[in-house]
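Report on the structure given below.
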Amino acid sequence: MPPGEKDENEPPASGADLIGALRDHIIHHLLSFLPVQAAVQTCVLARRWRHLWRSTTGLRIVGLDGAESVEDLRVFVHHVLILRERTDLDTVEMTFDECSVDDEVYVKLWTRFAVMSKVRALTLHIQAPTYLWFDVLPVVSRHLRTLDLQGLCVEQSSLDFAGCPALEGLKMNLCDITVEKISPRSLKHLSITKCCSDCQLHVSTPGLISLKLDDFTGTTPFLENMALLETAYVYIGDSCEDFCLNYESGVYCGASNIICEKCDLFNDNCGSDLVLLGGISSAKHLKLISEFGKLIFSRDLKYCPTFSKLKTLLLNEYWCEAPGLDPLACILKNSPVLEKLTLELFSEGPNYKVEMKGSFSSVGRSSAIPEHLNIVEVKCTVVDERILKVLKFLCAFDIRFSF
């Protein structure tokens, strides 16, 4: 190397200002990961940093040590939004530990600011036990791609997000969804976790690729056809109001002529329409979990669709509780290209004490088992009579297990 010429790969001298050497647009991006208070405080580092915070590509309106109330942040955020450069925002996150009725106007105002700044990913979380009420979500943007909501009460006839033609991802957690329909045509990823509703929610999202429906409170949402669906996780928890009245007495409505009032009423109201399984029947990967006594899956199985693309399936003990394990047999019969079956039984995962893998006997293969099925896993805490019953059922189809 000629004298005086510097090697580009030579490590910087000790004590060099590595961050300060970065270009402005990179620092703008890095500052976006800080709470807005910390981002503003960088203005004292050096003359060059005095105004860098004004052009960050994202805003995190949260407390420095966790969530704070809207009231505590109100004045500071007001000044930040006035002094910011009118640059576009990639992300905006607003997280508050409480929000009073008087604070709602400010949260809505900041949400509109984010939308006007062409935000692409918007997060609004209220962590308090009381909801932030929206009669109409103030979200109309052709730039918004993902929306993450928590602790909101939304009351309107439909969430179609017609004003957000690019919206692809929607998460709703701990929300009161008092709407009749969720129907964004552009949506590809939908997650509804621990939400509630006073009416039956219809989900009409034909372009959906992934779905998560976890522990819904109220009547089970009705899923319309999702022809492009690849993965779905559905958990019917204790909060679901669609439960069998006979279950506690030991009578299984799906396998006897004794039908409880609730199951009978549900059948009359729905006819032969599938509530859950019809909408997700095109999925390639499914996880279907339910608490005992819930009637939705067993009711849908009476009109069981064909899962023509299903490759992997995970089920819990709910599917093995009926006499003869009819639910498990039914879904296997209607999954012609299934390759992997996992049963997580009578235990809390993921640390199962017993894991068994099944292999097919060389003698033959039952026609009742999908011809492509080559992996069968059974996970549990202990091998008791309930597990032996499942193993005996599977062994009848020439599947042998090893620990």
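What you are looking at is a predicted structure, and each value in this text was computed from that prediction instead of being measured. Quick note: residue numbers are just sequence positions, from 1. Below, each value reflects all heavy atoms present in this structure, side chains not excepted, and no hydrogens, waters or symmetry copies.
- Atom CZ of Arg142 has 12 or fewer neighbouring heavy atoms from other residues, nucleotides or ligands inside a 6.0 Å radius.
- Considering CG of Leu170 and CD1 of Ile182, their distance stands at 6.5 Å, rounded to 0.5 Å.
- Around atom NZ of Lys287, no more than 12 heavy atoms belonging to other residues, nucleotides or ligands sit under 6.0 Å away.
- Other residues, nucleotides and ligands contribute at most 12 non-hydrogen atoms within 6.0 Å of the NZ atom of Lys118.
- Formation of a donor-acceptor pair under 3.5 Å by the Ser281 side chain with backbone atoms of Gly278 is found in this model.
- Between Phe222 and His202, the two ring planes are parallel [angle under 30°; tilted spans 30° to 60°].
- Remark: the Glu93 side chain and the Thr95 side chain contain an N/O donor-acceptor pair separated by less than 3.5 Å.
- The aromatic rings of Tyr233 and Tyr235 are tilted relative to each other, their planes meeting at an angle between 30° and 60°.
- Rounded to the nearest 0.5 angstrom, Arg299 CZ and Leu277 CG are separated by 10.0 Å.
- Here the side chains of Leu343 and Trp319 are not in contact, with every heavy-atom distance at 4.5 Å or above.
- Put simply, the side chain of Ser141 gets close to the backbone of Leu144: a donor and an acceptor are under 3.5 Å apart.
- Closest non-hydrogen pair, Ser186 versus Ala166, comes out as OG-C, 4.1 Å.
- Considering all non-hydrogen atoms of both residues, Val203 and Met226 come closest at CG1-CE, 3.9 Å.
- Put simply, the side chain of Thr342 reaches to within 4.5 Å of the side chain of Lys379, judged on heavy atoms.
- Under 3.5 Å, the side chains of Gln200 and Thr219 contain no donor-acceptor pair of N or O atoms.
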Going through the checks in order, is the side chain to side chain contact (heavy atoms under 4.5 Å, CB included) test met by Trp133 and Glu155? CA-CA 8 Å; Trp133 185 78; Glu155 293 187 2; 3.3 Å; yes
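- Here the side chains of Cys43 and Trp49 are not in contact, with every heavy-atom distance at 4.5 Å or above.
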Report the C-alpha distance between Leu190 and Lys212 in whole Å, list the side-chain angles of each, state the deciding distance to 0.1 Å, and finish with yes or no for side chain to side chain contact (heavy atoms under 4.5 Å, CB included). CA-CA 6 Å; Leu190 175 62; Lys212 183 176 183 180; over 6 Å; no
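- No hydrogens or angles considered: nothing links the side chains of Ser183 and Asp160 as a donor-acceptor pair under 3.5 Å.
- Counting non-hydrogen atoms of neighbouring residues, nucleotides and ligands closer than 6.0 angstrom, the CD atom of Glu180 reaches no more than 12 such neighbours.
- Side chain of Arg54 to main chain of Leu83: a donor-acceptor pair is present (N/O by atom type, distance under 3.5 Å, no hydrogens or angles).
- With salt bridges taken as basic N to acidic carboxylate O contacts below 4.0 Å, none links Lys294 and Asp238.
- Relative to the ring axis of Phe401, Lys357 does not place its NZ or CZ within 45° and under 6.0 Å from the centre.
- Residues Pro184 and Phe161 come closest through the heavy atom pair CG-CD1, 3.6 Å.
- Between the side chains of Asp102 and Ser100, no donor-acceptor pair is found at a separation under 3.5 Å.
- The structure places CG of Asp273 at 10.0 Å from CD of Glu224, a figure rounded to the nearest 0.5 Å.
- Between the OG1 atom in Thr306 and the CD1 atom in Ile331 there is a gap of 11.0 Å [rounded to 0.5 Å].
- A side-chain hydrogen bond (donor to acceptor under 3.5 Å, both in side chains) with Thr312 is found for exactly one of His285, Glu339, Lys340, namely His285.
- For the residue pair Tyr106 and Glu71, no side-chain donor N or O sits within less than 3.5 Å of a side-chain acceptor on the partner.
- In summary, the side chains of Asn173 and Thr193 do present a donor paired with an acceptor at a separation below 3.5 Å, with no hydrogens or angles considered.
- The local environment of CZ in Arg185 is sparse, with at most 12 non-hydrogen atoms from other residues, nucleotides or ligands closer than 6.0 Å.
- Looking at heavy atoms from C-beta onward, Phe96 lies out of side-chain contact with Ser69 at the 4.5 angstrom threshold.
- Within the 4.5 Å cutoff, the side chain of Thr123 has no heavy atoms near those of the Val92 side chain.
- Formation of a donor-acceptor pair under 3.5 Å by the Ser197 side chain with backbone atoms of Cys199 is found in this model.
- In this structure, Arg60 forms no cation-pi arrangement with Phe33, as its terminal cationic atom is not both closer than 6.0 Å to the ring centre and no more than 45° off the ring axis.
- A donor-acceptor pair shorter than 3.5 Å can be found between the side chains of Tyr352 and Glu344.
- Among residues two or more places apart in sequence or in another chain, the side-chain hydrogen bond (donor to acceptor under 3.5 Å, both in side chains) test is passed with Thr57 by Ser32.
- In this model, no donor atom of one side chain and acceptor atom of the other lie less than 3.5 Å apart for Thr56 and His28.
- Asn334 and Cys304 make their closest contact through ND2-SG, 3.7 Å (heavy atoms, listed as atom of the first residue, atom of the second, distance).
- Salt-bridge formation is detected for the pair Asp90/Arg120: a Lys NZ or Arg NE/NH1/NH2 atom is positioned less than 4.0 Å from an Asp or Glu carboxylate oxygen.
- Here the shortest heavy-atom pairing between Val36 and Ile61 reads CG1-CA, 4.4 Å.
- Asp384 contributes a side-chain N or O that, together with a main-chain N or O of Ile387, makes up a donor-acceptor pair within less than 3.5 Å.
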Criterion side chain to side chain contact (heavy atoms under 4.5 Å, CB included) on Leu147 and Leu149, from CA distance to verdict: CA-CA 6 Å; Leu147 183 60; Leu149 305 174; 3.8 Å; yes
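- In terms of heavy atoms, Thr217 sits closest to Ser239 at OG1-CB, 3.2 Å.
- With rounding to the nearest 0.5 angstrom, the CD atom of Glu317 is 6.5 Å from the CG atom of Leu345.
- For the atom pair NE2 (His189) and CG (Leu167), the distance works out to 10.5 Å, reported to the nearest 0.5 Å.
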Given the rule in the side chain to side chain contact (heavy atoms under 4.5 Å, CB included) test, do Cys99 and Val107 qualify, once you have shown the distances and angles that lead to the verdict? CA-CA 9 Å; Cys99 180; Val107 177; 4.0 Å; yes
